Amino acid sequence: MAKMPRFADVSTFMRLPLVEDPAAVDIALIGVPFDGGTTNRAGARHGPRQVREMSTMIRRVNHVSKLAPFRLCRCADLGDVRINPIDLMQSLENIEQFFGRVRAAGTAPLSVGGDHLVTLPILRALAGERPVGMVHFDAHSDTTDSYFGGSRYTHGTLFRRAVEEGLLDPQRVVQIGVRGSLHDVDDLDWPLAQGMRIITIEEVYDLGCDGVIAEARRVAGDGPTYVSFDVDGLDPVYAPGTGTPEVGGLTTHEAQRMIRGLQGLDIVGGDVVEVAPPFDPSGNTALVAATMMFEILCVLAAAHASRGN
Ligand code: MN
Ligand code: MN
């Protein structure tokens, strides 16, 4: 039992030790406080700090799967990537280098953004020589080509870049919870033409949680799979603290069940992104994000342990 009360001491992710060397751990929890890829309402740079704070509420054992990630794997808080808030390309490089060191150590990363663009340099570091599959929770597909007359690196374009760069195998990508008004009727044609599987929120409710889980497992298959969780995939009643809220979204309970349903996939890393505390006076979005992070940590730890690392 913990001797220090959970409201005391310096906040780290899930009250884990703060460690510098990724080789000393199996799973690294990492903050990426960058929101320079945001196209509308910024603020996700403040995500990691508030998620650390609210993650002190998280205990040790998953009450459904009974997975105990801190027992299965050595987990630690690796601190934040040093980004440059006024230099997007430099920040992407710094993020890729940081996660490159993590991967070189054989350590699996689980990070908190930051806007969704931070996932691009993470995938650059993780994909290496083989593209990965992805289970992606989001109200948006994030596969627009460019914004503002040609800007290609934004939180709405990163997964098109990731497919173009060969980081993602589009046939092994499933996007869950997509909804919201489009820029154009053909917005989703490109990802569908690549073979990405989009489960809109309407189809989520037609399939039910178990149906969505079965479909996600079928698409991701046996290969290495990344889990990316944009909190705007949730309904804004649960996660108002985000830059691009869309009503009619997933409940927290549905998202938890779906993440638990990924146990057994070869999960190599994950993230929770788009937590923007300035839009959330109650702070609940950060608690929600910390809880989703714990759910991902459980299935990631199970995968990491089963690989014999
Ligand atoms: Mn997104
Ligand atoms: Mn989104």
Side-chain angles (χ1 to χ4, degrees), residues 32-45 47-48 51 88 92 95 110-123 132 134-147 151-163 167-168 170 173-183 187-188 190-191 194 196-202 204 216 226-252 254-255 258-259 269-280 285-286 288-289 292-293 296:
V32 190
F34 180 72
D35 60 14
T38 308
T39 54
N40 191 354
R41 309 193 304 170
R45 69 179 61 179
V51 172
L88 188 151
L92 297 189
I95 297 166
L110 176 55
S111 56
V112 175
D115 72 54
H116 219 153
L117 180 59
V118 306
T119 304
L120 179 65
I122 294 171
L123 289 173
V132 297
M134 179 171 71
V135 180
H136 170 204
F137 297 86
D138 204 321
H140 315 97
S141 172
D142 295 347
T143 50
T144 302
D145 185 42
S146 66
Y147 278 73
S151 289
R152 291 159 50 79
Y153 296 99
T154 79
H155 69 163
T157 59
L158 79 143
F159 291 124
R160 189 183 289 223
R161 297 293 91 76
V163 170
L167 312 174
L168 283 176
V173 171
V174 56
Q175 304 187 304
I176 300 168
V178 174
R179 63 187 185 278
S181 50
L182 306 171
H183 298 286
D187 275 3
L188 299 178
W190 191 88
Q194 308 307 305
M196 290 164 70
R197 174 72 167 95
I198 297 178
I199 305 180
T200 63
I201 197 71
E202 286 73 22
V204 166
Y226 189 78
V227 178
S228 192
F229 195 100
D230 182 331
V231 290
D232 71 30
L234 298 166
D235 192 276
V237 299
Y238 303 97
T242 195
T244 322
E246 305 285 353
V247 306
L250 297 169
T251 70
T252 42
E254 288 160 349
M258 289 176 194
I259 297 169
D271 59 49
V272 179
V273 297
E274 299 285 356
V275 178
F279 298 110
D280 186 8
T285 306
V288 165
M292 296 306 155
M293 191 185 187
I296 297 170

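Indexing begins at 1, ligand by ligand and atom by atom, following the structure's order. It should be emphasised that the depicted structure is a prediction, and the values quoted were computed from it without experimental measurement.
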Undergrad: What N, O or S atom of Asp142 is found closest to the Mn ion (ligand 1)?
TA: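 For Asp142, the N, O or S atom at the smallest distance from the Mn ion (ligand 1) is OD2.
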Undergrad: Does any N, O or S atom of His155, backbone or side chain, fall under 2.8 Å from the Mn ion (ligand 2)?
TA: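 So His155 does not bind the Mn ion (ligand 2) by this criterion.
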Undergrad: Can you name the closest pair of heavy atoms from Asp280 and Pro240 and give their distance?
TA: OD1-CG, 3.8 Å
Undergrad: Can you name the N/O/S atom of His116 that is nearest the Mn ion (ligand 1)?
TA: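 Within His116, restricted to N, O or S, the Mn ion (ligand 1) is closest to atom ND1.
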Undergrad: Looking only at N, O or S atoms in His140, which is nearest to the Mn ion (ligand 2)?
TA: ND1
Undergrad: Between Phe229 and Phe137, what is the ring plane arrangement, given parallel below 30°, perpendicular above 60°, and tilted in between?
TA: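 The rings of Phe229 and Phe137 sit tilted, inter-plane angle from 30° to 60°.
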Undergrad: For Phe279, is the NZ or CZ atom of Arg41 found under 6.0 angstrom from the centre of its six-membered ring and inside 45 degrees of the ring axis?
TA: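 Yes, Arg41 sits over the ring of Phe279.
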Undergrad: Among the N, O or S atoms of Asp230, which one sits nearest to the Mn ion (ligand 1)?
TA: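 In Asp230, the heteroatom (N, O or S) nearest the Mn ion (ligand 1) is OD2.
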Undergrad: Strictly under 2.8 Å, is the Mn ion (ligand 2) approached by any N, O or S atom of Asp232?
TA: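 Yes, Asp232 qualifies, because one of its backbone or side-chain N, O or S atoms lies under 2.8 Å.
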Undergrad: Step through it carefully: locate the ring centre of Phe159, locate the ring centre of His116, and say whether they are under 6.0 Å apart.
TA: yes
Undergrad: Considering only NZ, NE, NH1 and NH2 on the basic side and carboxylate oxygens on the acidic side, decide whether Arg161 and Asp142 come within less than 4.0 Å.
TA: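 Looking at Asp142 together with Arg161, the answer is no, because their closest N to O distance does not fall below 4.0 Å.
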Undergrad: Can you tell me the N, O or S atom of Asp138 that's nearest the Mn ion (ligand 1)?
TA: OD2
Undergrad: Do you know which two heavy atoms are closest between Gly248 and Asp235, and how far apart they sit?
TA: N-OD2, 2.8 Å
